[in-house]
Amino acid sequence: MKIALGADHGGLELKEMVKEYLIKGGYEVEDFGTHTKDSCDYPVYGQKVGESVSFGDCDRGIAICGTGLGISMAVNKVPGIRGALCTNEFMAAMSREHNNANVLVLGGRVLGVDLALRIVAVWLETEFLGERHQRRLDLITEIETKYLKS
Ligand code: RB5
């Protein structure tokens, strides 16, 4: 599985730890930055992660900023993205089982590293349940389609 990774300066430190964890676990990683502690703009990295997943270059993505809030808003603007900001393992499991989240969003200034990596592990290992949940995702897609410019 190929994972797109992206973070602003507020998520950089956690991104590096997630990256190391993914590579050790045998995942292929595409790191869209940021690569320095310099202040930068989270929408840039949300868009890069979202597009790589939406275009099919990566299977899933992980996007990180300070709180997870801003990059969550940005990544969810990309059509086809279901980005889930998770602060615990239950949310990570539900975001896969019920929402088929294709991008996990984390807050680097909110989570300790151990918890963040447990969230990543659960999120990667949990499968979508389909059935009634697919119907609800189709309704989300209908909203998206209604507002897409041709
Ligand atoms: C950057 O200081 C911070 O605003 C950003 O990382 C994020 O938390 C925004 O939602």
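Count residues from 1 along the sequence. Note that the coordinates shown come from a computational prediction; the quantities given were computed from them, not determined experimentally. Whatever order the structure lists ligands and atoms in, that order sets their numbers, starting from 1.
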(message) Please list, in number order, the atoms of ligand 1 under 4.0 Å from a heavy atom of Gly66.
(response) 5 (C), 6 (O), 7 (C), 8 (O)

(request) Using the rule that two of Ile, Leu, Val, Met, Phe, Trp, Tyr join whenever any of their side-chain heavy atoms come within less than 4.5 Å, decide whether Val49 and Val29 are in one cluster. (result) no

(request) Quick one: look up the protein heavy atom nearest atom 3 (C) of ligand 1 and list residue, atom name and how far away it is. (result) Arg109 NH1, 3.9 Å

(message) Taking distance alone, with N or O pairs closer than 3.5 Å, would you say Gly10 contacts ligand 1?
(response) no

(message) Rounded to the nearest 0.5 Å, what separates atom CZ in Arg60 from atom CG in Asn102?
(response) 8.5 Å

(request) Check the pair Asn100 / His133 against side-chain contact (heavy atoms from CB on, under 4.5 Å), numbers first and verdict last. (result) CA-CA 9 Å; Asn100 199 15; His133 305 295; over 6 Å; no

(message) Which residue and atom name correspond to the protein heavy atom nearest atom 7 (C) of ligand 1, and how close is it?
(response) Cys65 SG, 3.4 Å

(request) Output yes when Glu20 and Lys24 qualify as a salt bridge under the 4.0 Å nitrogen-oxygen rule, no when they do not. (result) yes

(request) Supply the atom-to-atom distance Ser39 OG to His9 NE2, rounded to the nearest 0.5 angstrom. (result) 4.0 Å

(message) To the nearest 0.5 Å, what is the distance between CD1 on Ile119 and OG1 on Thr87?
(response) 6.5 Å

(request) Starting from atom 8 (O) of ligand 1, locate the nearest protein heavy atom and write down its residue, its atom name and how far away it is, to 0.1 Å. (result) Thr67 N, 2.9 Å

(message) For atom 9 (C) of ligand 1, what is the closest protein heavy atom, and at what distance to 0.1 Å?
(response) Tyr42 CE2, 3.5 Å

(request) Report yes if some N/O of Asp8 lies less than 3.5 Å from some N/O of ligand 1; otherwise report no. (result) yes

(message) Testing the basics here: between Ala101 and Trp123, what is the closest heavy-atom pair and its distance to 0.1 Å?
(response) O-CZ2, 3.4 Å

(request) Give a yes/no on ligand 1: does His9 have at least one heavy atom closer than 4.0 angstrom to it? (result) yes

(message) What I want to know is whether Gly70 and ligand 1 share at least one N or O pair that is separated by under 3.5 angstrom.
(response) yes

